Amino acid sequence: MAKIWLRDIKDHLNQEVWLKGWVFNKRGSKKIQFIELRDGTMVVQGIVTINDSNQETWDVCSELTQESSIEIRAQVVEHPKSVSGCELIIKEIKVIQIAVDFPITKKEHGPDFLLKRRHLWLRSRLQRSIMHVRSQIIKALHNFFHEKNYTHMDSPILTGTIGEEGSTLFSTEYFDKGNAYLAQTGQLYLEASCAALGKVYCFGPTFRAEKSKTRRHLTEFWMLEAEVAFNNNEDNMDLQEEMFKYVVQHVIDTCPLQLKSLGRKVEDLQKFIQPFAKLSYDDAVDRLHEKGSKIVRGKDLGAEDEVMLTQDYEMPVFIYNYPKSCKAFYMKKDPNNSERVLCSDLLVPGYGEVIGASQREDDLETLTQNIIDFGLNPESFDWYLDLRKYGTFEHSGFGIGLERTVSVITGVKHIRETIPFPRMMTHIEP
RNA sequence: UCCCUGAUAGCUCAGCUGGUAGAGCAAUCGACUGUUAAUCGAUUUGUCGUAAGUUCGAAUCUUACUCGGGGAGCCA
């Protein structure tokens with residue numbers, strides 16, 4: 001008999017099959033026992049009755065515990081009540097291993113307890129749903145860019161000193177070349193790739209040694225970055241909007257069961273498919289002043305300001321053209337206002353920033369001066385400056401945080417549940 | 001780095017102005033032919049985070065430390 005996965009079980013209605021999996025849950029009475037069998041693709045209920053099964057099967061079933069691994073022979077029957085539409089009449093059970101005292105019970109647990117057992121926590125229903133959605137989001141992102149003929153150009157993870165200033169870097173020894181650093185962004189490399197292939201993106205882990213302890217921060221997270229030659233800041237925002245909507249639609253189409261188990265309503269997700277709102281930084285400051293914020297024009301928006309701004313909208317909001325002093329050295333000066341740069345942040349109501357974007361400074365002199373003004377050494381940016389020497393070009397790009405996107409789409413409050421093994425200030429194992 | 005908050009049974013927590021601990025769940029045993037966080041009955045469970053101090057007496061008050069949780073800054 002061929003091996004069968006539970007998600008394909010409908011194709012075997014009224015047949016007898018062999019299945020392998022784990023006991024997700026068990027309950028029963030004197031004459032009937034229910035096993036929820038989980039194999040990673042689905043959970044389907046199996047039934048053992050004292051009448052339909054032999055005594056040995058009944059006794060084996062009685063010994064089963066949560067997360068015991070088993071192999072069963074069963075008849076697949078219809079069962080309209082269940083999610084799969086099927087149920088299993090169990091004829092025979094072979095125990096692979098009885099799991100003793102599985103620590104994660106059916107009742108509530110605290111975050112520290114669960115994080116220390118992340119390797120086991122992943123087996124829970126909610127965690128499996130989140131991981132499935134995450135996987136589909138990754139797929140959607142790749143599909144989106146490939147459909148548009150982008151080239152996937154990965155950036156290095158180990159780098160020299162080059163990179164954004166501000167955030168702290170993780171460092172490691174690199175032979176006799178001193179320290180190497182784990183990348184905080186692939187952007188500068190992606191700009192080089194962009195000059196070679198026009199429309200490019202990279203997707204990989206990034207590392208920030210920030211001592212952030214909030215529900216939106218990880219020290220290791222996955223970021224997709226895209227860079228497009230001859231795109232200005234407007235084009236850039238259009239691209240982000242199209243991409244974000246594509247991803248949301250893909251999840252709606254492919255993950256209905258997972259969204260349901262997460263308690264995420266499709267109507268709420270559809271709010272992310274409406275046209276996004278756009279607000280310039282200066283208009284945002286005006287709006288904030290009307291609402292009673294004490295923000296000083298020229299200073300960065302605080303977390304409270306972002307909440308205040310987005311609560312008027314149900315769709316994501318672009319805030320564009322921030323003050324130069326709040327943003328990175330590589331952003332292009334706004335030709336209409338030398339104190340502003342051509343950039344945007346995408347804020348999602350009830351969550352916060354998910355995408356950071358900008359048009360890049362393409363003038364050699366201005367960029368060199370920016371590097372100096374930001375207290376950086378132009379010599380360590382020599383290859384980056386080359387891009388402005390040999391056929392400089394207007395270009396723009398952005399970075400979207402994968403885990404934040406998963407959070408926003410699944411409605412999961414804390415980012416630590418959106419990555420298989422989260423790395424945070426306080427957690428490095430498992 | 002700063003602010004707030006917490007650490008009591010395997011888990012989640014209660015324990016008031018000091019008098020050496022309690023609930024629910026889990027586990028174990030039992031009851032029940034359809035349950036789906038099954039239900040019902042019974043039983044078991046503790047260096048009260050660590051160290052010192054105040055006191056006749058500390059889970060409770062004081063100090064320090066350790067480890068969490070939430071947030072700010074920073075960002076995705």
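Worth saying up front: this structure is predicted, and the values here are computed from it rather than measured. Note on naming: letters A, B, ... go to the chains in the order of the sequence lines (proteins, then strands), and numbering restarts at 1 for each one.
- In terms of phosphate contacts, A:H414 brings a side-chain nitrogen or oxygen within less than 4.0 Å of OP1 or OP2 of B:G70.
- Aromatic ring orientation, A:F145 versus A:Y201: parallel (interplanar angle below 30°, classes split at 30° and 60°).
- Judged by centroid separation below 5.5 Å and plane tilt below 30°, A:F34 does not stack onto the base of B:G34.
- Between A:R215 and B:C75 there is no side-chain N or O to OP1 or OP2 distance below 4.0 Å.
- When both pairing distances are held under 3.5 Å, B:G73 makes no Watson-Crick or G-U pair with any nucleotide shown.
- For B:U39, the OP1/OP2 oxygens have no side-chain nitrogen or oxygen of A:R27 closer than 4.0 Å.
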### Query
Please walk me through it: do A:L342 and A:K333 pass side-chain contact (heavy atoms from CB on, under 4.5 Å)?
CA-CA 6 Å; A:L342 302 175; A:K333 194 162 57 179; over 6 Å; no
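- Between the side chains of A:Q187 and A:Y330, at least one donor N or O sits under 3.5 Å from an acceptor N or O.
- At B:G68, none of the side-chain N or O atoms of A:H109 fall inside 4.0 Å of OP1 or OP2 (strictly under the cut-off).
- Side-chain nitrogen and oxygen atoms of A:K213 include none within less than 4.0 Å of the OP1 or OP2 phosphate oxygen of B:G71.
- A:H427 comes within 4.0 angstrom of the backbone, heavy atoms only, and of no base.
- A donor-acceptor contact closer than 3.5 angstrom is absent between the side chains of A:T418 and A:R416.
- A sub-4.0 Å separation between OP1 or OP2 of B:A31 and a side-chain N or O of A:K30 is present.
- Between the side chains of A:Q258 and A:R128, no donor-acceptor pair of N or O atoms lies under 3.5 Å.
- Separating the C1' atom of B:C29 from that of B:U45 is a span of 16 Å, rounded to the nearest Å.
- In the set B:U12, B:A72, B:G68, the nucleotide with an atom closest to the side chain of A:T426 is B:G68.
- When the C1' atom is used for both B:U8 and B:U20, the distance is 13 Å, rounded to whole Å.
- Of the listed nucleotides (B:G70, B:A76, B:A72), B:G70 has the atom at the smallest distance from the side chain of A:R416.
- For A:Q45, taking side-chain heavy atoms from C-beta onward, the closest of the listed nucleotides B:A72, B:A26, B:U35 is B:U35.
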